[in-house]
**Student:** 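One structure, as structure tokens, below. Some questions next.
Remember, it's a predicted structure, so these values are computed and weren't measured experimentally.
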Amino acid sequence: MTLAKITPLLKADVFHGPDGYETTAIAHIVASDLMSDVLVAHTEDFVLITSLASDQMIRTADLVGASGVILVNGKRPPASLTTLAQELEMPLLGTALPKFEACLAVGQALLQDTTV
Amino acid sequence: MNRLPDLSLETSPLTLVEVIYSTAIRDVMSADPISVARDTPMSTVQQLMRDQGVSGLPVAEDGRLFGIISVHDLIEILQQGKLDMPVSACMTERVVTLEEEMPLSLAISTFSKYPYGRFPVLNGAQRLTGIITVRDINVALVNRLLQQVSKFESMLDSEVTPGLALSRVFHTRQHDFENGGKASTTIKKHLVEHHVDRSLVKRVAIASYELEINQVVHSIGGTISYRITPEAVEILVQDRGPGITNVDKALTEGFTTADDWIKSLGFGAGLGLPNAKRVSDIFFIHSEPGVGTTVKAVIHLKKQNQEKEP
């Protein structure tokens, strides 16, 4: 699964898409608004699904090696967040879907996908 | 007159900032200063200044400060030949004072602001406990900077290897979430650029970030030092307080003293220290309430020494 395939499923806006982000591999989801939880997740090749639109959220995503971030509930990232996403070259997407619906959509796609 | 340099946070070296913010005026001032009462004649003041080699004296009774008398006031009285006058008639009554608990940085900015050579220092009960001069500040700064230089010299690698090896010190400030995490991001980027294994980078990043956020959230500020060699990444985190009352509890998952504000930022779940310990090969913590907390975390980069999973 790639971010490119996820984007239409979520009707997502791409707030920041660094070069080659479309082909970034996604095999798992970490969904949380609590960064402490994200920091204890033993996962690789995951996308972070969150409604926390703070600078520390994108720093956490970068430090744990997330492949990308999806903001839910139609949250728009503040300018500083987008700037930091650019600086850290972290794909930053946004969807109008609530967190559970977004997880469900990406999760179903992951289960059906065999080309991880 | 030589003015003290502008020691602002933005432009000064971090070591200097650390020293002037972490040192209290109490540790720099001359304690129990000689003072004179209001009814002391100026002739006694003249004698005291000559014998003690001081150019200013606080006017105080039972610790209560009434004013300050300087050598300039004395010269004026000498010119008028009125040495029998009491101090109260010649002293400056509106005195700028400092407090013991204030950081040295504040004393320095006060000296820059006013043309005076000394300031009386009061304790929390507004009693005179000391006097501070530019000389006191110079002596304290030189001593503390010498200590810091020795510390840095001992940290330096004997051989400087280009590339991966790196020694760097970062500074954090209380509740400064805007900059909190920058140290960890910088170090992570450095390791990635030098092709360190992805799972090792993640362990360093997690340990570093948990400790950095802890310092921003819980301490009044401090430093994070990194020493990277081809063998290991050593993270040394030191803050200036308030210290942890029960370290064992703080290492228990779920224990937290964080408030709602911190939780609203996505932190404070009580997982930080245990998580930093989990990803480290060596983890050491020492804390003293009222003094501060020191944490050392080491992650080995050579396979034979590694014990932990990312």
**Student:** Side chain, backbone, both or neither: which part of A:Leu39 has a heavy atom under 4.5 Å from chain B?
**Tutor:**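 For A:Leu39, heavy atoms of backbone and side chain both lie under 4.5 Å from chain B.
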**Student:** Indicate yes or no: does B:Lys202 engage A:Asp62 in a salt bridge with an N to O separation below 4.0 Å.
**Tutor:**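 No.
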**Student:** Give a yes or no answer on whether the side chain of A:Gln56 reaches the backbone of B:Gly181 with a donor-acceptor pair at less than 3.5 Å.
**Tutor:**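 It does not hold such a pair.
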**Student:** Atom CZ in A:Arg59, atom NZ in B:Lys182: separation rounded to 0.5 Å?
**Tutor:**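 Between A:Arg59 CZ and B:Lys182 NZ, I get 6.0 Å after rounding to 0.5 Å.
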**Student:** When only pairs under 4.5 Å are counted, which of A:Ser36, A:Ser54, A:Ser80 shares the most heavy-atom pairs with chain B?
**Tutor:**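 Ranked by heavy-atom pairs under 4.5 Å with chain B, first place is A:Ser36.
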**Student:** With chain A as the partner, which of B:Gly272, B:Gly180, B:Ser184 has the greatest number of non-hydrogen pairs under 4.5 Å?
**Tutor:**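 Highest number of pairs under 4.5 Å: B:Gly180.
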**Student:** Do you know which of A:Asp33, A:Thr60, A:Thr50, A:Leu52 has the most heavy-atom pairs under 4.5 Å to chain B?
**Tutor:**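 Most heavy-atom pairs within the cutoff with chain B belong to A:Thr60.
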**Student:** Does any backbone or side-chain atom of B:Lys189 lie under 4.5 Å from a heavy atom of chain A? Answer side chain, backbone, both or neither.
**Tutor:**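 Nothing of B:Lys189, per the 4.5 Å heavy-atom cut-off to chain A.
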**Student:** Heavy-atom distances under 4.5 Å only: say whether A:Ser32 touches chain B with side chain, backbone, both or neither.
**Tutor:**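 No part of it gets close to chain B.
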**Student:** Is there a side chain to side chain contact (heavy atoms under 4.5 Å, CB included) between B:Phe177 and A:Asp55? Walk through the geometry before answering.
**Tutor:** CA-CA 8 Å; B:Phe177 269 93; A:Asp55 290 6; over 6 Å; no
**Student:** Quick check for you: to the nearest 0.5 Å, what is the distance between A:Leu63 atom CG and B:Thr185 atom OG1?
**Tutor:**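 If we round to the nearest 0.5 Å, A:Leu63:CG and B:Thr185:OG1 are 4.5 Å apart.
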**Student:** Taking only residues two or more places apart in sequence, or in another chain, which ones meet B:Glu234 in a side-chain contact (heavy atoms from CB on, under 4.5 Å)?
**Tutor:**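 Checked B:Glu234 against side-chain contact (heavy atoms from CB on, under 4.5 Å); matches are B:Arg227, B:Lys296, B:Val298.
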**Student:** Tell me, side chain or backbone of A:Leu84 under 4.5 Å from chain B's heavy atoms, or both, or neither?
**Tutor:**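 Neither part.
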**Student:** If I measure from the heavy atoms of chain B, does A:Thr43 come under 4.5 Å with its side chain, its backbone, both, or neither?
**Tutor:**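 Only the backbone of A:Thr43 comes within 4.5 Å of chain B.
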**Student:** Could you tell me which portion of A:Ala41 (side chain, backbone, both or neither) has an atom closer than 4.5 angstrom to a non-hydrogen atom of chain B?
**Tutor:**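 Only the backbone of A:Ala41 comes within 4.5 Å of chain B.
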